[in-house]
Protein chains: 2
Amino acid sequence: MSSRISIENAQWEAAAHPPPYIHKVGKPPKKNFVEEFTATMRETLFPDDPLRQFKDQPWSRKLFLGIQTVFPILHWGRHYSLGMFKGDLIAGLTIASLCIPQDIGYAKLAGLDPQYGLYSSFVPPLIYAFMGSSRDIAIGPVAVVSLLLATLLENEIDSKKNPHDYRRLAFTATFFAGIIQFALGFFRLGFLIDFLSHAAIVGFMAGAAVTIALQQLKSLLGVKNFTKNTDIVSVLRSWNVQTILIGISFLAFLLLAKFIGKKNKKLFWIPAIAPLISIIVSTFFVYITRADKKGVGIVRHINQGVNPSSVNEIFFAGSYLSKGFRIGLVAGMVALTEAVAIGRTFAAMGDYSIDGNKEMIALGTMNIIGSMTSCYIATGSFSRSAVNFMAGCNTAVSNIVMSGVVLLTLELITPLFKYTPNAILASIVISAVAGLFDFQAALLIWKIDKFDFIACIGAFFGVVFISVEIGLLIAVSISFAKILLQVTRPRTAVLGRLPRSTVYRNISHYPEAAKVPGVLIVRVDSAIYFSNSNYIKERILRWLADEEEHLKGSHQPGIQFLIVEMSPVTDIDTSGIQALEELHRSLEKREVQLVLANPGPVVIDKLHASKLADLLGEEHIFLTVADAVTICAPKNEEA
Amino acid sequence: MSSRISIENAQWEAAAHPPPYIHKVGKPPKKNFVEEFTATMRETLFPDDPLRQFKDQPWSRKLFLGIQTVFPILHWGRHYSLGMFKGDLIAGLTIASLCIPQDIGYAKLAGLDPQYGLYSSFVPPLIYAFMGSSRDIAIGPVAVVSLLLATLLENEIDSKKNPHDYRRLAFTATFFAGIIQFALGFFRLGFLIDFLSHAAIVGFMAGAAVTIALQQLKSLLGVKNFTKNTDIVSVLRSWNVQTILIGISFLAFLLLAKFIGKKNKKLFWIPAIAPLISIIVSTFFVYITRADKKGVGIVRHINQGVNPSSVNEIFFAGSYLSKGFRIGLVAGMVALTEAVAIGRTFAAMGDYSIDGNKEMIALGTMNIIGSMTSCYIATGSFSRSAVNFMAGCNTAVSNIVMSGVVLLTLELITPLFKYTPNAILASIVISAVAGLFDFQAALLIWKIDKFDFIACIGAFFGVVFISVEIGLLIAVSISFAKILLQVTRPRTAVLGRLPRSTVYRNISHYPEAAKVPGVLIVRVDSAIYFSNSNYIKERILRWLADEEEHLKGSHQPGIQFLIVEMSPVTDIDTSGIQALEELHRSLEKREVQLVLANPGPVVIDKLHASKLADLLGEEHIFLTVADAVTICAPKNEEA
């Protein structure tokens with residue numbers, strides 16, 4: 001074959017001149033199937049190498065380390081000191097004062113009686129303190145999950161008409177959320193939550209915040225039922241002036257407190273205790289003035305005492321079983337995403353590391369036990385975790401302190417909440433969710449990645465204009481679409497040589513890079529898999545067609561060598577090998593030789609396994625683009 | 001900060017020595033959002049640049065080219081000659097002789113009366129000939145789609161009890177299959193079929209072949225109903241000896257013909273006409289001996305005349321509408337995958353190119369019109385296309401010839417099929433699907449990619465032991481799992497310098513590559529996206545921990561610089577930027593400096609947009625690893 005001879009000539013010619021040192025492309029050490037499979041599984045499921053500490057330990061020590069892995073408190077508890085407790089005590093009291101008002105508000109948001117919010121801030125944080133590995137996270141009910149849960153539950157059961165079944169379904173969903181969280185962690189499938197992109201979460205959260213705020217406006221304005229008459233008198237009559245006054249003035253107070261806390265980080269405790277102060281002042285005010293008789297909505301009743309058992313409330317059979325499972329799956333995954341994101345953020349700030357899968361086991365256990373003790377889905381709250389961090393917490397003991405304060409509240413002072421106006425709870429929820437609307441993050445996303453921004457804005461509008469579930473669905477779909485786009489349409493680039501070097505770079509990035517006459521160098525920027533093999537083959541041929549068209553007018557030599565820079569091609573599968581073979585045959589018909597530069601170990605292995613290496617000829621495979629050019633266009637190299 | 005000063009010192013020091021020429025990392029030319037978005041959309045939806053030929057043409061020419069794009073026959077028809085027709089005539093007659101017996105068998109496989117198979121080989125090939133761009137494909141009903149359609153239809157309607165509604169649902173499914181194929185092509189979403197991996201298809205096809213063969217054994221053995229008694233006498237009594245004799249002997253004849261055709265490519269026409277010969281001989285034999293009276297099952301009745309209209313048979317309302325849509329979606333996608341795979345294979349062999357999306361429009365149109373003329377889903381048949389190719393077809397005219405022969409058959413000789421024994425049809429189907437069991441391909445897959453092999457074997461066992469749909473589901477799921485694995489767990493590698501060069505390569509691939517003291521060089525082999533950003537960050541930190549542990553005992557200097565080789569990192573999103581930032585902060589606490597080598601244009605852009613470039617310091621970003629090492633470890637470079 002004429003083309004084969006020409007490269008041998010070239011090699012001979014190169015050898016005649018003093019040759020530059022050309023490295024051979026090595027064949028990697030052979031791995032057998034079992035080794036390869038084990039390595040892949042380990043990298044997929046145990047990327048953090050969690051068993052490292054168990055290595056070379058005696059049996060009894062391994063057992064102890066195992067128990068300690070499940071209950072990290074046994075590890076840090078041994079070094080716990082009074083000094084650390086001081087920080088945890090202050091942080092615990094601060095987050096307790098923040099969580100009690102929020103809990104009551106969130107329970108109402110979830111369509112449950114107020115005490116269920118407090119219950120969910122008592123049991124789950126206690127369990128997390130023993131099993132969790134984040135130092136800074138504050139556990140309890142959160143706004144977005146409460147809203148999502150209410151939306152999903154209301155689709156099945158009307159909370160007004162059948163509050164008992166509604167509550168039972170809530171516990172069922174919580175139970176399954178826990179099971180799913182536990183299972184994901186146990187089977188080390190935690191990476192699945194990475195498929196919800198950061199951008200989509202930002203949009204989803206902002207959308208949920210707007211939805212919650214609009215919903216709460218109803219309580220804030222004291223509207224019993226939105227009137228359907230549109231004339232202004234009817235609308236105004238449906239409002240209650242006292243309620244509006246109370247709601248608006250306390251909302252202003254809360255937002256002011258938030259603003260102060262933001263301006264001066266040292267005053268973080270002002271927004272943290274403002275909600276409790278609002279509750280105390282407004283409750284006292286209503287009690288004195290008996291404003292509730294003038295139409296101001298109040299809490300009216302809240303159960304006293306600790307969590308009753310709810311084991312018998314969970315639907316373990318019937319049609320609600322599968323519904324509970326489905327709701328638990330969705331709400332549990334969202335709760336998990338939030339908790340893991342918080343855990344990672346604070347771990348990065350404190351430079352410690354947390355094992356996502358272990359966290360999931362802890363969160364799962366806490367929700368399973370929670371569902372049996374009248375709690376609904378609890379997770380990490382971003383706002384309370386931030387306060388916890390700033391108040392100087394050292395360990396999960398701050399969660400225990402908070403839990404203790406909630407216990408005292410349940411036992412002693414719940415009756416006092418009777419006169420708390422609903423409008424205050426609404427303003428507390430509104431001021432809490434305001435933080436979820438992260439405009440700065442959205443702006444940064446816009447600047448960095450436009451596609452991410454579409455995901456963000458799509459999720460936002462989905463939640464606001466359609467529903468929470470649709471918004472979530474949009475967020476997940478766009479995240480997936482991005483992944484699929486990434487794997488079907490990888491980038492390719494034509495390379496040229498940078499002046500005074502042997503470095504080859506993308507000519508659209510470095511306009512000074514010069515093409516080598518007679519040679520087209522194309523870099524493929526992705527593993528070659530079935531999802532993109534055909535595209536890559538056709539794209540390379542299109543680069544060649546473009547180049548040949550471009551050369552047609554000029555007097556330069558036609559393309560004789562097509563060098564494919566394979567550095568970024570980390571893997572190739574059967575379809576990819578087939579595509580390369582087809583590329584080789586197409587090029588052969590055009591009298592262009594296919595040359596590969598720097599295929600990685602996996603690719604080299606497969607080139608040999610498939611005999612494609614023999615078909616191409618080993619002399620067509622080089623370690624670097626520079627080596628390939630030296631052989632293919634030796635005259636040019638010297639010029 | 002001390003670390004910042006040290007690199008400046010190093011630069012100063014490097015400047016004091018005669019410095020090697022260090023390239024700056026360029027900022028790429030700025031693109032605005034609209035340009036960027038348009039480029040992405042064009043690359044995703046129009047990767048083949050189909051509008052190239054329209055460029056710089058007058059308006060009237062554009063219109064003509066547009067019509068020609070939809071009907072490629074206007075293009076190749078103008079250069080059509082008598083010489084070409086000779087090839088097409090022979091090929092058309094050959095595939096007609098092969099398709100007529102197969103059509104009758106496949107129609108029975110699909111649970112329809114025999115004439116519907118012939119109908120489907122008359123109208124669709126005609127339409128394809130005008131609109132399709134493959135020269136070699138032979139259109140008609142195929143085994144796998146027939147089986148899949150029957151399975152899906154039987155789930156809804158029993159073909160024995162209610163054959164009329166069953167047939168109506170078949171037309172409805174065909175209609176929607178056509179609509180979906182057309183829509184995919186029209187909206188240029190054809191790349192969606194690339195998500196079914198080659199390996200999964202090989203397994204699925206083999207599984208379908210085994211299932212079909214087992215099913216046909218029933219007809220071949222003349223079993224009316226499988227007896228439930230297990231004693232051998234009952235079993236034998238349920239068999240019909242004449243049928244078995246006829247079936248087995250003709251199956252042997254067909255397989256022998258196939259074997260001859262495989263051994264000598266020139267005798268390809270022997271297996272092509274063997275089925276027709278079998279039909280003629282066996283029909284004549286049954287007619288003479290009246291073996292049908294002794295229990296040999298025969299076709300008995302087959303409608304004469306061309307396709308009747310079936311527009312009124314399609315369910316355009318009612319519950320069967322959505323069922324038909326669902327069945328059409330699944331069967332249509334499988335049919336599409338097969339046709340496009342065939343089109344691409346033969347295009348690669350003939351070195352012409354076909355536009356997948358245009359093909360889908362042609363296939364969709366032909367099935368839509370087919371559904372209105374009593375045809376069920378037609379697509380490209382691999383075995384008949386191969387015969388077409390080998391018989392020397394030149395254009396789609398061979399499909400027109402075949403269609404004409406089928407028309408004559410329908411008009412004139414269908415009554416003669418009355419005495420054709422069912423056992424012959426069964427042996428024809430069995431010998432046809434034997435080719436779908438591609439053991440060689442499976443072996444190659446095993447050699448090249450073990451994960452692909454799992455997909456292949458999973459799909460195979462799914463089809464054989466559970467059902468066609470489940471097999472298909474397994475095939476799709478494993479294909480997707482592979483994509484997800486690819487994007488969540490990208491490879492990373494530690495690099496070392498090859499002796500006597502400035503080339504840095506994976507030390508597990510090139511054991512001779514030497515690490516640079518005080519420097520750890522890690523290459524990340526994928527774009528950094530939300531789905532893997534966290535993993536990549538933690539994996540890099542783990543490489544560092546491993547390296548530091550390794551160095552602990554020795555007297556070598558600790559790691560001061562972590563160079564991340566970014567060549568394969570073609571893109572980065574918000575989560576990726578965040579991960580790099582977290583990595584930078586973690587390293588800062590350990591007094592290790594983060595250095596980036598060769599970030600691509602997109603990455604550089606985003607590093608600047610996010611201000612991360614300022615945080616890292618531009619002096620920490622290099623064009624090549626060699627440059628970075630020169631600055632970070634200048635002493636070592638000289639050693």
Side-chain angles (χ1 to χ4, degrees), chain A residues 21 23 26 28 33 36-37 43-44 47-49 191 194-195 197-199 344 348 351 444-445 447-450 452 483 485-489 491 498 500-501 503 506 509-510 525 527 529-531 534-535 538-539 542 567-568 570 573-575 577 582 585-586 589 600-601 606 609-610 623-624, chain B residues 21 23 26 28 33 36-37 43-44 47-49 191 194-195 197-199 344 348 351 444-445 447-450 452 483 485-489 491 498 500-501 503 506 509-510 525 527 529-531 534-535 538-539 542 567-568 570 573-575 577 582 585-586 589 600-601 606 609-610 623-624:
Chain A
Y21 185 76
H23 270 275
F33 173 55
E36 203 180 304
F37 187 77
E43 209 53 47
T44 309
D48 46 357
D49 196 9
F191 65 87
D194 287 341
F195 286 117
S197 77
H198 169 71
R344 280 182 187 158
D351 197 35
L444 192 66
I445 292 169
K447 271 198 209 148
I448 298 179
D449 194 315
K450 304 298 184 277
D452 267 8
I483 292 179
L485 206 62
Q486 172 195 358
V487 292
T488 26
R489 293 289 183 260
R491 291 171 206 262
L498 293 182
R500 281 167 297 164
S501 79
V503 177
N506 187 346
H509 183 184
Y510 296 94
D525 281 350
Y529 279 145
F530 63 93
S531 48
N534 195 60
Y535 167 77
E538 292 187 352
R539 193 69 186 79
R542 209 175 109 206
S567 309
T570 48
D573 71 355
T574 353
S575 310
I577 292 282
E582 285 172 15
R585 294 199 194 286
S586 288
K589 292 202 176 119
K606 293 184 178 176
S610 63
L623 186 74
T624 63
Chain B
Y21 184 77
H23 271 273
F33 173 55
E36 202 180 306
F37 186 77
E43 209 51 46
T44 309
D48 45 358
D49 197 8
F191 65 86
D194 286 341
F195 287 118
S197 76
H198 168 70
R344 279 183 189 157
D351 198 33
L444 192 66
I445 291 169
K447 270 198 209 147
I448 298 179
D449 195 316
K450 303 298 182 278
D452 268 7
I483 291 179
L485 206 62
Q486 173 194 359
V487 292
T488 25
R489 294 287 182 264
R491 289 171 207 261
L498 292 183
R500 284 167 296 164
S501 78
V503 176
N506 187 346
H509 182 185
Y510 296 93
D525 280 351
Y529 279 144
F530 64 92
S531 48
N534 195 59
Y535 167 77
E538 291 187 353
R539 193 67 186 81
R542 208 176 110 207
S567 308
T570 48
D573 71 354
T574 353
S575 309
I577 292 282
E582 285 172 17
R585 294 200 193 286
S586 287
K589 292 203 177 118
K606 293 184 177 177
S610 63
L623 185 75
T624 64

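Just so it is clear, the structure is predicted and the values come from calculations on it, not from any experiment. A note on names: the letters A, B, ... follow the listed sequences, proteins ahead of strands, and every chain is numbered from 1.
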What part of [X] gets within 4.5 angstrom of chain B, counting heavy atoms only: side chain, backbone, both, or neither?
X       : result
D452(A) : side chain
K447(A) : both
D525(A) : both
R491(A) : side chain
I445(A) : both

So, do N506(A) and P601(B) sit near enough that their side-chain heavy atoms are less than 4.5 Å apart?
yes
Partner set under side-chain hydrogen bond (donor to acceptor under 3.5 Å, both in side chains) for R489(A), not counting sequence neighbours:
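Applying side-chain hydrogen bond (donor to acceptor under 3.5 Å, both in side chains) to R489(A) gives none.
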Partners meeting side-chain hydrogen bond (donor to acceptor under 3.5 Å, both in side chains) with T488(A) (sequence neighbours left out):
none
Give the minimum heavy-atom separation between S610(B) and L444(A), together with the two atoms involved.
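For S610(B) versus L444(A), the nearest heavy atoms are CA-CD1, 4.4 Å.
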Any donor and acceptor pair, going by atom type alone, linking the side chain of D573(A) with main-chain N or O of D449(B) inside 3.5 Å?
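Side chain of D573(A) to backbone of D449(B), a donor-acceptor pair under 3.5 Å: no, none is there.
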